[in-house]
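Here's the structure, in structure tokens; my notes come after.
All values reported here derive from a predicted model rather than from experimental measurement. Chain letters run A, B, ... following the sequence lines, proteins first, then strands; residues in each count from 1.
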Number of protein chains: 2
Amino acid sequence: MSNAHVPAPTSRREQILKEAARLFAERGFHGVGVDEIGAAVGISGPGLYRHFAGKDAMLAELLVGISERLLEGGRMRIAEGGESPEAVLHALIDGHIDFALDDRPLITVHDRELDRLREADRKRVRQLQRQYVELWVEVVRECYPACTESEARSAVHAVFGLLNSTPHLSPRASLPPRAATEALLKRLALGAFAAAADRERMPAE
Amino acid sequence: MSNAHVPAPTSRREQILKEAARLFAERGFHGVGVDEIGAAVGISGPGLYRHFAGKDAMLAELLVGISERLLEGGRMRIAEGGESPEAVLHALIDGHIDFALDDRPLITVHDRELDRLREADRKRVRQLQRQYVELWVEVVRECYPACTESEARSAVHAVFGLLNSTPHLSPRASLPPRAATEALLKRLALGAFAAAADRERMPAE
DNA sequence: TGTTCGAGTTAATGGCCGTTAACCTCATTT
DNA sequence: AAATGAGGTTAACGGCCATTAACTCGAACA
């Protein structure tokens, strides 16, 4: 019952989560108080407890949520299946870049505050992350059969580090137009993967 | 006076800093108490205050120290000047990789806890970081004149993200031998830079 | 031999902050 | 019109934790 007059597309919960993500990214989980989070959405202090069981619950929902969306997005792009493995890899990269640019704060919090979670949640997040990585590893190995699995996995982690570096760029004033950043990041990622593959290069210094 | 019988090559201060770095990396600055740091070096609790003005002072010394060492190392390698810009870039990459692999905890803390610092220290660290980046940017632009300065800077940040991704690999059991990891990371970094340069690639999906 | 001083110790203090209690106030329902 | 419940409010409470106080102890020094 009551489905026709929800106040807005963004519910209070979502609004709180968004602000919490921003604040956590800026000053760290322990660095921000519940009063601040409340203030950021116009209510103050313990009013948050009408929406969440506690501060930890907000962090948990943020981290589980982002991990799930990343994995689901990845699966979707693979299922859509391009005509070639290369096309799929391109799609994965594009998707991750969109994500990194759209949800910068979440990306930041993602690997900063994992161990502030309760055992159960942390395990779940790690499992989702692992699955996401494995998705990429498979595609990368299809594109570059010369790559060992271990190499592919390391390369995928490294490329995540590369793509997730965008938060470090942001504080700069007058950042270049988004399309340019997207294109550059994509080139960098593809270049890195390609280099991971051919083991014969560079006389080793 | 008294210079001949210091107990060990590693003073108490250094020992404390090392353990603090490890703990900060594992659980975050706010997540670890002074008692824990003390316990890690065999003394307990407030005994630390004989060596440091406070918990903040430890973090400050860690972050300023790492930033200074990185910058100094970079300057040294540039001063030594290889026969070509490419050789210098290789040296910079090798140096950064060694650093990332040797001081994993520090690398982690480096960009995680910057804003827990007092204004003055934070400014100093940021300035050192900026100088280090500019070092790389210059060398990259010599290697790849087709790169705009903005592109080069973004690429450098991204490659730092790539190289600093090693902490994420470590928890994996049976990590590949160090030499292999070094070689792979170097290939990835060089591949990324090369790709940043040639703007004509990939039909852009 | 007595003194100083570096390096610890344990016990108290004080502040911050997450959480809970108790109370309020509109809409909505009946 | 009374009842209900969602969503807030302010005022405690309680625990954790960095820091300080007060005291100890052994070595170097004179």
Side-chain angles (χ1 to χ4, degrees), chain A residues 1-24 26-63 109 113 115-119 121, chain B residues 1-24 26-63 109 113 115-119 121:
Chain A
M1 49 196 96
S2 97
N3 192 8
H5 38 71
V6 283
T10 56
S11 74
R12 213 62 203 266
R13 276 184 70 89
E14 297 174 59
Q15 190 189 5
I16 293 171
L17 283 175
K18 189 173 151 196
E19 294 302 310
R22 185 178 54 80
L23 289 168
F24 289 163
E26 278 174 12
R27 296 207 284 289
F29 180 68
H30 291 288
V32 43
V34 288
D35 290 0
E36 280 176 281
I37 303 176
V41 299
I43 76 183
S44 251
L48 296 170
Y49 285 73
R50 298 286 164 197
H51 304 275
F52 293 93
K55 202 181 153 193
D56 303 5
M58 300 181 208
L59 182 63
E61 192 156 328
L62 283 174
L63 293 187
V109 174
E113 319 275 5
D115 12 72
R116 256 54 111 204
L117 256 49
R118 283 176 24 250
E119 175 71 9
D121 296 318
Chain B
M1 51 201 91
S2 96
N3 192 10
H5 37 73
V6 283
T10 57
S11 73
R12 213 62 203 269
R13 277 183 69 89
E14 296 175 60
Q15 190 188 4
I16 293 171
L17 283 175
K18 189 174 151 194
E19 294 303 309
R22 184 178 55 79
L23 290 168
F24 289 162
E26 278 172 15
R27 297 207 284 289
F29 180 69
H30 291 287
V32 43
V34 288
D35 290 1
E36 279 177 283
I37 304 177
V41 299
I43 76 183
S44 249
L48 296 170
Y49 286 74
R50 297 288 165 196
H51 304 276
F52 293 94
K55 203 180 152 193
D56 303 3
M58 299 180 210
L59 182 64
E61 192 156 326
L62 282 174
L63 293 186
V109 174
E113 319 275 5
D115 13 71
R116 255 56 106 203
L117 258 49
R118 286 176 22 250
E119 175 71 7
D121 295 317

How would you label the contact of B:Val32 with the nucleic acid (heavy atoms, under 4.0 Å): base, sugar-phosphate, or nothing? sugar-phosphate
Considering only C:dT9, D:dT19, C:dT19, which nucleotide approaches the side chain of B:Ser44 most closely? C:dT9
Can you tell which of C:dG18, C:dG8, D:dG8 lies closest to the side chain of B:Arg12? C:dG8
Expressed as a whole number of angstroms, how long is the span from B:Ile37:CD1 to C:dG8:P? 15 Å
Atom CG of A:Asp121 and atom CZ of A:Arg116: how far apart are they, to the nearest 0.5 Å? 14.5 Å
Applying side chain to side chain donor-acceptor pair (under 3.5 Å) between A:Gln15 and each of A:Arg12, A:Glu19, A:Lys18, report the one that passes. A:Arg12
Any chance you could measure A:Ile37, atom CD1, to A:Leu17, atom CG, to the nearest 0.5 Å? 9.5 Å
How many Å lie between CZ on A:Arg116 and C1' on C:dC17, as a whole number? 17 Å
Residues A:His51, A:Leu48; criterion side-chain contact (heavy atoms from CB on, under 4.5 Å); working and verdict: CA-CA 6 Å; A:His51 304 275; A:Leu48 296 170; 5.7 Å; no
Heavy atom of residues 45-54 of chain A under 4.0 Å from DNA chain D: which residues? A:Pro46, A:Gly47, A:Arg50, A:His51
Flag, side chain of A:Glu113 to backbone of A:Phe29, donor-acceptor distance under 3.5 Å: yes
In plain terms, say whether A:Glu26 and A:Arg22 are close enough for a salt bridge, that is, a side-chain N and a carboxylate O under 4.0 Å apart. yes
Please report, rounded to the nearest Å, how far the P atom of D:dC17 is from the NE2 atom of B:His30. 12 Å
Length of the CG-C1' vector between B:Asp35 and D:dT20, whole Å: 14 Å
note: B:Asp56, atom CG; D:dT19, atom C1'; distance rounded to Å ~ 11 Å
Pairs meeting criterion salt bridge (Lys or Arg N to Asp or Glu O under 4.0 Å) with involvement of residues 44-61 of chain A, two or more places apart: A:Arg13-A:Glu61
For the side chain of B:Val34, counting heavy atoms from C-beta on, which of D:dT19, D:dG8, C:dG8 is nearest? D:dT19
Could you state the atom-to-atom distance from CD1 of B:Ile43 to P of C:dG6 in whole Å? 16 Å
A:Arg13 CZ - D:dG7 P separation (whole Å): 11 Å
